[in-house]
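Quick notes on the structure that follows.
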Amino acid sequence: MTTPVDHWHRLLESEAAGPMCARLTDRMRARRLRFGDRVICPFLRPFFLDAADEPRVTRVAETLWTLGERVTSAAIASPEILRQLALSEDEIRLALIDPGYATASTAARADAFILPDSLQFAEYNGESPAGAGYSQGLADLFSEEPMMARFRARFDARMYRPVEALLEALVASYREWGGTNSPPHMAIVDWREVSTFSEFEILRDAFTALGVPTTVCDPRDLIFEPAGAGPRFSDAGLYVRGQRIDLVYRRVLINDMLAREAECRVLLDAYEARAVCVANSLRCKIPHKKAFFAVLTDERHARLFSAEEREIIRQHIPWTAIVEDGPVLRDGKTIALLAHLRAHRAQYVIKPNDEYGGTGVTLGWETSESAWDAALKRAVAERDRGWVAQQRIKVRREVFPVCEAGGVAMRDMLVDFAPYIFRGRLAGFLTRLSATGLANVTSGGRQVPAFVVSQKSEVRS
């Protein structure tokens, strides 16, 4: 039986690939599908998720979101869990501010690798996951290609629409917060110089077209009028360019808010006063930490999870632990963590507890013994910052056609498959490709759209 990938590649052989590269690049630029100055997709094929795999992806990803919310609630009441998560004092200070509603991560994304015999998650972005606008834009672009019409003659190919799902989730959090304006006025807030600014413009236009007026602004553009403060505005609240804001879609990262707290003071004051709904709330840092997986796989916290959830964790979440000089519990046995990591270097990765773009990641199987020891020493010395050791997981690699200066080449690529979960519901996928062991866009990875595919019944053999 011909696979979707094989069929696409055969169709591509009859396509004028050079003009297709140029056409897609021009259309990406026209639709703002770029990261800084780079177009986000130099590839000529989407990622195809077998429709038979969709139910297990949905079940595990949605369960992971539920566990993130549960661990957040438990951590707010437990100094011990907060310590294991290695939040800083300032992060704890922000997390303890009551945002006015219970949902910590309105929008989340879980980075995974899917294979026929496994589905394993490497990280959970519970804070401010980017890419929904890019993902939908790329899927729309490929859907419009004549080659996709030929492909669909043999295979059903269905795309998710995460932008609409994101808006629905944001408004639902606003309603949970107690907001009554219909529609609310939204602000997408992040620094104006970030590389993902073009995605904010995509989302602004889409949200506004869907009936929710939206503004893109920098935290420094905001003005907060406390109740009874003065005559600048007719009502108390958070304002940008004279418009009162009901709902902030917060894309500025908590790390940046703390590093540049004076510039974010207006947003923080309005948040603490509950003058505006902010999503994700500042409690989202709790499940966002990479040590969240250490809580999930730590047998001391098994009581937090049902038997079914524990089985999902066992199958799909790699064993993870904060790197420190002392004993840990694994599979019911106490082990000396550092000695174990030294003896099994090829089976582990060391990561900073809270970084982006692959910064600081050390892959044991690609690292010398001396470099691994140096990484362990640094992790122990920086226990307050937090470093995690995580068991190696199976990764997916596929061959993709990629546009290059000399034409089109077939390249073997790492496939990072990341489901979006908005308020507990699967909403689409961010799929990134890389020639190296890291698929982050900031470390050189690029993006492709994802389609759920199945062979049409009338052409099955």
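Residues W177 and P99 fail the side-chain proximity criterion, which asks for heavy atoms closer than 4.5 Å. Considering only heavy atoms from C-beta on, L94 comes within 4.5 Å of L258 through its side chain. Side-chain contact between M186 and L167 is present, with at least one heavy-atom pair separated by less than 4.5 Å. Side-chain contact check for L268 versus M257: some heavy-atom pair is nearer than 4.5 Å. For the pair D111 and R432, the minimum side-chain heavy-atom distance is below 4.5 Å. Here the side chains of F113 and D416 are in contact, with some heavy-atom distance below 4.5 Å. With contacts defined as side-chain heavy-atom distances shorter than 4.5 Å, the pair V415/V448 does not qualify. Contact annotation: the side chain of W65 approaches that of S105 to within less than 4.5 Å [non-hydrogen atoms, C-beta and beyond].
A donor-acceptor pair under 3.5 Å is formed between the side chain of E309 and the backbone N or O of S306. Checking side-chain atoms of T214 against main-chain N and O of V212 turns up a donor-acceptor pair under 3.5 Å. Judged by distance alone, with hydrogens and angles left aside, the side-chain atoms of T66 form a donor-acceptor pair with the main-chain N or O of E62 at under 3.5 Å. At distances below 3.5 Å, not a single donor-acceptor pair connects side-chain atoms of D331 with backbone N or O atoms of K333. Listed for the Y174 side chain is a donor-acceptor partner under 3.5 Å among the backbone atoms of N181. At distances below 3.5 Å, at least one donor-acceptor pair connects side-chain atoms of W372 with backbone N or O atoms of L341. Side chain of H301 to main chain of V295: no donor-acceptor pair is present (N/O by atom type, distance under 3.5 Å, no hydrogens or angles). Without hydrogens or angle criteria, Y134 side chain to R34 main chain gives a donor-acceptor distance under 3.5 Å. Remark: the backbone N or O of K289 is not paired with any side-chain donor or acceptor of D354 at under 3.5 angstrom. The backbone N or O of V276 sits nowhere less than 3.5 Å from a side-chain atom of Y271 that would complete a donor-acceptor pair.
For the 3.5 Å distance criterion, the side chains of N255 and K285 qualify, holding a donor opposite an acceptor. Using modelled atom types and a 3.5 Å distance limit, the side chains of E176 and T103 yield a donor-acceptor pair. Between the side chains of S143 and D140, no donor-acceptor pair is found at a separation under 3.5 Å. For the residue pair N280/E127, the side-chain donor-acceptor check at 3.5 Å is not satisfied. Judged purely by distance below 3.5 Å, without hydrogens or angles, the side chains of W319 and Q390 never pair a donor atom with an acceptor atom. For the residue pair S128/R250, the side-chain donor-acceptor check at 3.5 Å is not satisfied. Using modelled atom types, one finds no donor on one side chain facing an acceptor on the other under 3.5 Å when comparing Q391 with T320. A donor atom on one side chain and an acceptor atom on the other are not found under 3.5 Å apart for Q120 and Q315.
Centroid-to-centroid, the aromatic rings of F151 and F48 come within less than 6.0 Å. Centroid-to-centroid, the aromatic rings of F429 and F417 come within less than 6.0 Å. Residues Y124 and H288 place their aromatic rings such that the two centres sit no closer than 6.0 Å.
Of all heavy-atom pairs between T334 and P327, the closest is CG2-CB, 3.5 Å. For F224 against A270, the heavy-atom pair with the smallest separation is CD1-CB, 3.9 Å. In terms of heavy-atom proximity, I188 sits nearest to R204 at CD1-N, 3.9 Å. Considering every non-hydrogen atom in both L82 and A75, the closest pair reads CG-O, 3.3 Å. For the residue pair A110 and P419, the shortest heavy atom distance occurs at O-CD, 2.8 Å. The two residues G126 and C284 come nearest to each other via the heavy atoms O-CB, 3.1 Å.
Within the model, atoms CG of L296 and NE2 of H316 stand 13.0 Å from one another, a figure rounded to the nearest 0.5 Å. In this structure, the separation between CG on D246 and CG on L238 is 9.5 Å, given to the nearest 0.5 Å. The structure places OH of Y160 at 13.0 Å from OG of S135, a figure rounded to the nearest 0.5 Å. Put simply, CE on M413 and OG1 on T431 are 13.0 Å apart, with the number rounded to the nearest 0.5 Å. Here H340 contributes atom NE2 and I335 contributes atom CD1; the two are 4.5 Å apart, rounded to the nearest 0.5 Å.
With a 6.0 Å cutoff to the six-membered ring centre and a 45° limit on the axis angle, R392 counts as a cation-pi contact of W365.
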Under the salt bridge (charged side-chain N to carboxylate O under 4.0 Å, His left out) criterion, do R385 and E355 qualify, and how do the steps go? CA-CA 11 Å; R385 176 187 176 191; E355 276 290 357; 3.3 Å; yes
Please step through salt bridge (charged side-chain N to carboxylate O under 4.0 Å, His left out) for the pair E261 and R265, ending with a clear verdict. CA-CA 6 Å; E261 191 160 347; R265 187 73 262 158; 3.0 Å; yes
Evaluation steps, side chain to side chain donor-acceptor pair (under 3.5 Å), between S173 and R423: CA-CA 8 Å; S173 285; R423 286 185 65 93; 2.8 Å; yes
Start with the C-alpha gap between R158 and E54, add the side-chain angles, then the distance that decides, and say whether salt bridge (charged side-chain N to carboxylate O under 4.0 Å, His left out) holds. CA-CA 11 Å; R158 172 169 48 85; E54 189 178 19; 2.7 Å; yes
Could you check T3 against D6 for side chain to side chain donor-acceptor pair (under 3.5 Å), going step by step and ending with a plain yes or no? CA-CA 5 Å; T3 68; D6 289 341; 3.2 Å; yes
Show your working on side-chain contact (heavy atoms from CB on, under 4.5 Å) between F197 and V216 and close with a plain yes or no. CA-CA 9 Å; F197 193 87; V216 178; 3.6 Å; yes
Using side-chain contact (heavy atoms from CB on, under 4.5 Å), reason through V39 and L33 one step at a time and then give a plain yes or no. CA-CA 6 Å; V39 295; L33 297 172; over 6 Å; no
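With respect to R59 and E308, a salt bridge is recorded, a charged nitrogen being found less than 4.0 Å from a carboxylate O. Using a 4.0 Å cut-off between a side-chain N of Lys or Arg and a carboxylate O of Asp or Glu, R342 and D373 qualify as a salt bridge. Comment: E123 does not engage R109 in a salt bridge, judged by the lack of any side-chain N to carboxylate O separation of less than 4.0 angstrom. Comment: R274 does not engage E272 in a salt bridge, judged by the lack of any side-chain N to carboxylate O separation of less than 4.0 angstrom. Classification of E299 and R330 as a salt-bridged pair fails, no side-chain N sitting under 4.0 Å from a carboxylate O. Using a cutoff of 4.0 Å between basic side-chain nitrogens and carboxylate oxygens, D256 and R251 are not scored as salt-bridged. With respect to D156 and R152, no salt bridge is recorded, no charged nitrogen being found less than 4.0 Å from a carboxylate O. Salt bridge present: R220 and E193 bring a charged side-chain N and a carboxylate O closer than 4.0 Å. A salt bridge does not link R93 to E89: none of the charged side-chain nitrogens sits closer than 4.0 Å to a carboxylate oxygen.
Within a 6.0 Å radius of CZ in R56, other residues, nucleotides and ligands contribute more than 12 heavy atoms.
Ring orientation note: the planes of F43 and F400 are nearly perpendicular, at an angle over 60° on the 30°/60° scale.
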